[in-house]
Amino acid sequence: MNLLLDTHVALWAITDSPKLPPKARELIASPKTNVWISAASIWEIAIKHSLGRGDMPISAQDARRYFSESGYRLLAIEAEHALAVEDLPTHHGDPFDRILVAQALMEPMRLMTHDAMVALYSDTIIKI
């Protein structure tokens with residue numbers, strides 16, 4: 001399975017946060033799962049970390065290194081992903097979440113998120 005992690009889920013995974021439910025942890029660690037991180041998540045971490053937000057405890061550079069060390073693959077943002085955002089319903093206004101949804105739907109991949117609004121986009125989105 002190709003699994004795209006939402007930014008906070010990805011951070012919880014690399015920091016071994018108790019916020020990451022055991023079932024999600026098992027799916028991420030499964031040898032049958034290819035875990036993906038979007039370039040949009042790296043961008044989101046960079047912006048929010050530079051603003052000193054407490055929900056982004058590490059820099060984007062450190063996050064990218066940890067993602068790589070964990071064996072996670074990096075998903076580039078393609079023009080087709082950006083175009084697909086235009087056709088999404090307006091369930092969610094956050095541009096980072098919207099591009100993650102578009103990427104997951106286009107690739108296709110399963111998106112793992114903790115955001116109930118993001119989960120409204122598709123039954124292929126895994127809400128934890």
Side-chain angles (χ1 to χ4, degrees):
M1 167 195 313
N2 284 312
L3 182 65
L4 179 61
L5 301 183
D6 147 313
T7 305
H8 282 92
V9 172
L11 287 171
W12 295 342
I14 63 169
T15 61
D16 199 29
S17 172
K19 293 180 181 178
L20 188 65
K23 201 159 192 121
R25 196 177 303 273
E26 289 172 25
L27 188 56
I28 291 168
S30 170
K32 295 179 181 179
T33 303
N34 295 313
V35 179
W36 293 83
I37 304 297
S38 172
S41 290
I42 303 294
W43 182 28
E44 180 179 14
I45 294 167
I47 289 171
K48 293 179 179 177
H49 183 76
S50 70
L51 296 173
R53 292 183 48 162
D55 62 341
M56 295 297 161
I58 61 174
S59 71
Q61 187 169 358
D62 286 343
R64 180 158 184 344
R65 182 170 40 85
Y66 294 141
F67 295 148
S68 178
E69 289 171 359
S70 297
Y72 301 169
R73 300 173 184 193
L74 187 62
L75 179 62
I77 300 170
E78 302 294 340
E80 291 77 17
H81 298 146
L83 291 170
V85 170
E86 188 172 31
D87 295 328
L88 291 176
T90 57
H91 299 315
H92 206 298
D94 183 288
F96 296 111
D97 288 327
R98 290 177 60 80
I99 194 70
L100 291 175
V101 169
Q103 287 181 299
L105 294 175
M106 292 217 41
E107 284 307 316
M109 297 179 167
R110 303 289 307 265
L111 175 61
M112 181 181 284
T113 184
H114 72 290
D115 188 326
M117 297 305 290
V118 169
L120 292 175
Y121 285 100
S122 172
D123 59 0
T124 64
I125 296 174
I126 302 168
K127 163 78 172 69
I128 60 166

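The first residue of the sequence shown is numbered 1, and numbering continues consecutively from there. What you are looking at is a predicted structure, and each value in this text was computed from that prediction instead of being measured.
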Enquirer: If we only count heavy atoms from C-beta on, is the Met1 to Leu27 side-chain gap below 4.5 Å?
Expert: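 Answer yes - side chains close enough.
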Enquirer: Are Val35 and Met112 connected into the same hydrophobic cluster when the rule is that any two of I, L, V, M, F, W, Y join if their side-chain heavy atoms are below 4.5 Å apart?
Expert: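 Yes, same cluster.
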Enquirer: Are side-chain heavy atoms of Phe67 and Leu74 found at a separation under 4.5 Å?
Expert: no
Enquirer: Under a 4.5 Å cut-off applied to non-hydrogen side-chain atoms, are Glu107 and Leu4 in contact?
Expert: no
Enquirer: CZ/Arg98 to NE2/His81 distance, rounded to the nearest 0.5 angstrom?
Expert: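 Interatomic distance, Arg98 CZ to His81 NE2, rounded to 0.5 Å: 15.0 Å.
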Enquirer: Are the side chains of Ser41 and Leu100 in contact, using a 4.5 Å heavy-atom criterion?
Expert: yes
Enquirer: Spell out, as yes or no, whether a donor-acceptor pair under 3.5 Å connects the side chain of Thr113 to the backbone of Asp115.
Expert: yes
Enquirer: So, taking the atom named CD1 in Ile99 and the one named CG in Leu75, what distance separates them when rounded to the nearest 0.5 Å?
Expert: 9.5 Å
Enquirer: Can you pull out every ring pair (Phe, Tyr, Trp, His ring centres under 6.0 Å) where at least one residue sits in residues 108-128? Sequence neighbours excluded, please.
Expert: His8-His114, Trp12-His114, His91-Tyr121
Enquirer: How many angstroms lie between CG in Asp94 and CG in Asp6, if you round to the nearest 0.5 Å?
Expert: 9.5 Å
Enquirer: Quick one: side-chain hydrogen bond (donor to acceptor under 3.5 Å, both in side chains) pairs with a partner in residues 23-32, sequence neighbours left out?
Expert: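 Qualifying pairs, neighbours excluded: Asp16-Arg25.
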Enquirer: Which heavy atom in Ala104 sits nearest to a heavy atom in Leu111, and how many Å separate them?
Expert: CB-CB, 3.8 Å
Enquirer: So, the side chain of Ser50 versus the backbone of Ala46: is there a donor-acceptor pair under 3.5 Å, distance only?
Expert: yes
Enquirer: Indicate if Phe96 and Ile77 have the same hydrophobic cluster label, given that clusters are the connected sets of ILVMFWY residues with side-chain heavy-atom separations under 4.5 angstrom.
Expert: no
Enquirer: Considering non-hydrogen atoms only, spot the tightest contact between Ile28 and Ala13 and give its length.
Expert: CD1-CB, 4.1 Å
Enquirer: First locate atom CZ of Arg73, then atom CE of Met109, and finally report the distance between them rounded to the nearest 0.5 Å.
Expert: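 Atom-to-atom, Arg73:CZ and Met109:CE are 8.5 Å apart.
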Enquirer: Closest heavy-atom contact between Ala10 and Ile37?
Expert: CB-CD1, 3.5 Å
Enquirer: Mind checking the CG-CZ spacing from Asn2 to Arg110? Nearest 0.5 Å is all I need.
Expert: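 If I round to the nearest 0.5 Å, the distance is 11.5 Å.
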Enquirer: Decide whether Trp43 and Leu11 are clustered together by the hydrophobic rule: side chain heavy atoms of Ile, Leu, Val, Met, Phe, Trp, Tyr closer than 4.5 Å, transitively.
Expert: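 No, Trp43 and Leu11 fall in different hydrophobic clusters.
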Enquirer: Could you give the distance from CG (Asp62) to CD1 (Ile45), rounded to the nearest 0.5 Å?
Expert: 10.0 Å
Enquirer: Count the heavy atoms of every other residue, nucleotide or ligand shown that sit under 6.0 Å from CD of Glu69, and state whether that count exceeds 12.
Expert: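 Yes, because the 6.0 Å sphere around CD of Glu69 holds more than 12 heavy atoms from other groups.
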Enquirer: Using the side chain to side chain contact (heavy atoms under 4.5 Å, CB included) rule, take Ile126 and Leu3 through it: C-alpha gap first, then chi angles, then the decisive distance, then the call.
Expert: CA-CA 9 Å; Ile126 302 168; Leu3 182 65; 3.9 Å; yes
Enquirer: So Leu20 and Ile128, do their side chains get closer than 4.5 Å, heavy atoms only?
Expert: yes
Enquirer: Within the 4.5 Å heavy-atom criterion, are Leu105 and Thr124 side-chain neighbours or not?
Expert: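 Side chain of Leu105 against side chain of Thr124, heavy atoms only: contact under 4.5 Å found.
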